[in-house]
*Asks:* 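I'd like to ask you about the structure that follows.
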Amino acid sequence: MDSSFEALVSLPRIGDEAPHFKAVTTQGPINFPQDYRGNWVILFSHPADFTPVCTSEFMTFASREPEFNALNCKLVGLSIDGLYSHIAWLRTIKEKIEFKGMKNVEVNFPLIEDITMEVAKKYGMIQPGESSTKAVRAVFFVDPKGIIRALIYYPLSMGRNFNELKRALIAMQTADAFDVATPADWQPGDDVIVPPAGSCGLAKERMQCEDEELTCADWFFCTKKLSKEHIAEACEKEITI
Ligand code: BEZ
């Protein structure tokens, strides 16, 4: 693999510090992730301006931005297009496009211009097998300390599921606040998983049902109730999904 190809496929991992960059956006210059310390960020890429799937996604993200902001999460978009293309596209969306009852939608979160692909390369948003000129639909969840906590990738042809993005954000915030994990298909209000017993003594206690809060199917698989209200209280936010 030559070094230029390697740069195209470099991919930050979960637990890494979010790669730093300065960029021009539709909301002015940003210094990432420093400008966002103390907030969660969803940094996402889309293939190109003036394309239909991307348009449907931007309308959805912009319409739901208050829900993400209420969870202390800011949105930042990116594509390998220039600033004037971004501005023209966002104006067209507001003036002309209707989708699923959304219309007159104003995109108020920053959209990065990345003609040089500097940011897209740092974040592995170019996947040459899919396209070497367009970013795929990457989603990076960056926590308030600037650490990458999750990444989800979609191909060019598939619009993202915004309920899932919100669910993932709440699940990570819940795991942090309560030192729990979330099982398959978890939704806020469902039972959560407590850390597995790490000693023979604790395994025995778990099997003897000594903790009334826990329901244990076996020593390594215990759940407990955690209400939506309790989660919302911890996050000082109302959780609706
Ligand atoms: C779209 O957003 O519609 C799109 C972009 C690139 C390839 C295919 C679809």
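In listed order, ligands and their atoms are each counted from 1. Counting begins at 1 with the first residue of the sequence. What you see is a predicted model; the values in this text were computed from it and never measured.
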*Asks:* Can you sort out the partners of C222 under disulfide bond (SG atoms under 2.5 Å apart), two or more places apart, ordered by chain and number?
*Replies:*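 By the disulfide bond (SG atoms under 2.5 Å apart) rule, C222 matches C216.
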*Asks:* Which residues satisfy the side-chain contact (heavy atoms from CB on, under 4.5 Å) test with D16, sequence neighbours excluded?
*Replies:*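 If we apply the side-chain contact (heavy atoms from CB on, under 4.5 Å) test to D16, skipping adjacent residues, the hits are P12, R13.
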*Asks:* Taking F109 as the starting point, is it possible to reach I152 by hopping between hydrophobic residues whose side chains are less than 4.5 Å apart?
*Replies:*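 Hydrophobic grouping puts I152 with F109.
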*Asks:* Tell me, please, which residues at least two apart from F68 pass ring pair (Phe, Tyr, Trp, His ring centres under 6.0 Å).
*Replies:*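 F68 satisfies ring pair (Phe, Tyr, Trp, His ring centres under 6.0 Å) with F61 only.
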*Asks:* Looking at CD of E113 and CG of L78, how far apart are the two atoms once the value is rounded to the nearest 0.5 Å?
*Replies:*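 These two atoms lie 10.0 Å from each other.
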*Asks:* In terms of hydrophobic clusters joined by side-chain contacts under 4.5 Å, are W40 and F178 together?
*Replies:*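 Yes; tracing contacts between hydrophobic side chains, which count when under 4.5 Å, links both residues.
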*Asks:* Could you list each N/O atom of ligand 1 together with any protein N/O atom closer than 3.5 Å, one pair per line with the distance?
*Replies:*
{"residue": "ligand 1", "atom": "2 (O)", "partner": "T51", "partner atom": "OG1", "Å": "3.0"}
{"residue": "ligand 1", "atom": "2 (O)", "partner": "V53", "partner atom": "N", "Å": "3.2"}
{"residue": "ligand 1", "atom": "2 (O)", "partner": "C54", "partner atom": "N", "Å": "2.9"}
{"residue": "ligand 1", "atom": "2 (O)", "partner": "R137", "partner atom": "NH2", "Å": "3.0"}
{"residue": "ligand 1", "atom": "3 (O)", "partner": "P52", "partner atom": "N", "Å": "3.2"}
{"residue": "ligand 1", "atom": "3 (O)", "partner": "V53", "partner atom": "N", "Å": "2.7"}

